[in-house]
Amino acid sequence: MRSPRSALRPFLALLSFAGLTAFAFGGTLPRRAILVSFDGAGGLDLEERLADGTFSPDGFARARSQGFSARRLVVVTPSLTAVSHAAISSGAPPSKTGIVANWFHPASEALRVRVNGFEVESEVETIWEAAARQGKRVCALTWPGVTQRSPRSSAPVAMRYVDAKPHGTLWRGPTALHPLADLTVSLPLGTKSFSPPKTFTLDAAGNGDGGRDVTLTFAVIDTTDDGRRNYDEIAVLSSDGSLAARARPGQWFSLSETRDEGDEKSVLFGRWGKVLALSPDLSRLVVYVGNEARTYAYPEDFRRTLEARAGFWPGPPDPALLESAEDTASFLEQATRFCEFFVSAFDVADRRGDWDLLLGYLPVLDETEHVALLLDPRQPWYTPARAAKASALVRDVWRVVDRAAARYMRFRAKGDVFFVSDHGMRPITRSLYIEELLRRLGFLKAEVQANGKRRVAADSPVDASTGGGVAFVLVNRAGVLPGGVVPPEKVDALVAQIADALRRATDDDGKLIFSQVATRLEAADLGLDHPNAGDLVLVAAGGTTMRGGFPPEGEKASLFGEGENPGQHGFGPDPKLDGIFFHSGEGIEPQRVESFRAVDVAARISERLQIEPPRTDR
Ligand SMILES: [Zn+2]
């Protein structure tokens, strides 16, 4: 363990003294803390819900009445998940962390290279590293940035996020493509059908992160001995013919098994499914099956306890249920299950108790608002009926999240409780093909691939990387980027030309497309003057997001497509996109302030843990 910098020693000594005093007066030392991030929870949104009776008294309401809180956590720009968490984790803006988007172009790589902002290490120290350096033990439960992929991004007790494909499979039949056949094998032991059993198969995917693809065999049965053909249940058959699961209309079923994976023995894999519809005469049958997934947790005994107490990784709520079935009930059930999984994981970690700082994460609000934020009649999916349904869904997921908050608040008896979030959400009306705009303005060179699709040419003078409502224009500098083509002496003039054109760019209604076009120098005001943010930072105005690629219709196509999601974030400063902040702990006086900065969170936690904050001077 390295010793703290000498300049801080008197400060730390003072803190220790204060700590001892607290101890003498019955305070609990050493202090422990949990920091929970409610991804996508907007501060002003939460404020309204605190007033309108959405919540119980035990969750956010308790956090507000019993501690220090702010109406808004002022988040960094762009308000994207990886960027915001990196800033909260280190107490430094993106200009220092180097994590500037969820996907971005690393400054020294070739023009078209992109890296994942969740997997890149911060260029400055993080709170989990600072804590470890000072002898504190950290537990991280899917905290963005703690991926367990490298020593710097690891915690001794951890569960990493599973980057699963969110879409499961829907079987709708019977149709020519999805027929129901007679079941020719015998039904599993203990299963009886009073009408001839029918069968169908469904190809269910793995999740791209450990789960396997399988073909599932179902039997449709009639469990009532009433002399009528009225089917009322489905059974899932194992490959050996035994019964794997059964469910009636409206019921969920789970399929799970343990298998070895590499060095890991008896890993629990599983998937959830639901019978969405089953008409007794079999004229209609709809079955949903989610992707198979597993939990990744460390050390091994933590994974085993998690599997025993919380089950397998249930996966996020599936947007496919909203898109094709508008089934908000099933979506809510999935969101609830996912949320309860994270709370169970926290329970297991809490019982272990072998940590001083726990970093927790709850993504369900973000996942819900991305697909269900219908507030603006100009949104392509908007109808008053759909908007009402969507808003009820969002409220219900807030309530689920509030129940989780109530559980986390119970930790208050053992230590400090911090609640944060990384951004709010904005309703989206359209998306801009920024690369196509740059091409039409004559700055970007595209090429046609063998499959007929266009992409940016490797020797294009510029490209743009995108994230939410922000794009970074990258100049393909010769001598800096491998394969770069723009000589150093021509860069400034090119950047000025592009900036000028984009600042004047308007849509068909004559409205400016960008609310901000900032050079590297100007990006300093946004905390974004980092080479990874390219040469120009563009922030889209209003409900427009940026998208990569080119419109499939080609030359005559509109520069704007549908928004990729009804709700999005990742814009410049905007109170409505700010997050939440709550802090309760021994001796913390109840107080509500207007705002607290995301970059001040790490220092506040460090002070309470009596450690030096993360080192952010590179
Ligand atoms: Zn987020």
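Start at 1 and go down the list; that is how both ligands and their atoms are numbered. The structure presented is a predicted model; accordingly, all values stated were derived computationally and were not measured. The residues of the chain are indexed from 1 along the displayed sequence.
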Q) So what does the Asp39 OD2 - the Zn ion (ligand 1) - His423 NE2 angle come to, to 10°? A) 150°
Q) Is there a side-chain contact between Asp39 and Leu362 (heavy atoms, below 4.5 Å)? A) no
**Q.** By side chain to side chain contact (heavy atoms under 4.5 Å, CB included) - contacts of Ser465 (at least two apart)
**A.** Arg114, Phe472
(Q) Taking ring-ring contact (aromatic ring centres under 6.0 Å, His included) as the definition, give me every residue that meets it alongside Trp355, ordered by chain and number, with sequence neighbours left out. (A) Phe411
**Q.** Presence of N, O or S from Thr81 under 2.8 Å of the Zn ion (ligand 1)
**A.** yes
**Q.** Identity of the N, O or S atom of Asp422 lying closest to the Zn ion (ligand 1)
**A.** OD2
Q) Less than 6.0 Å separating the ring centroids of Phe582 and Phe38? A) no
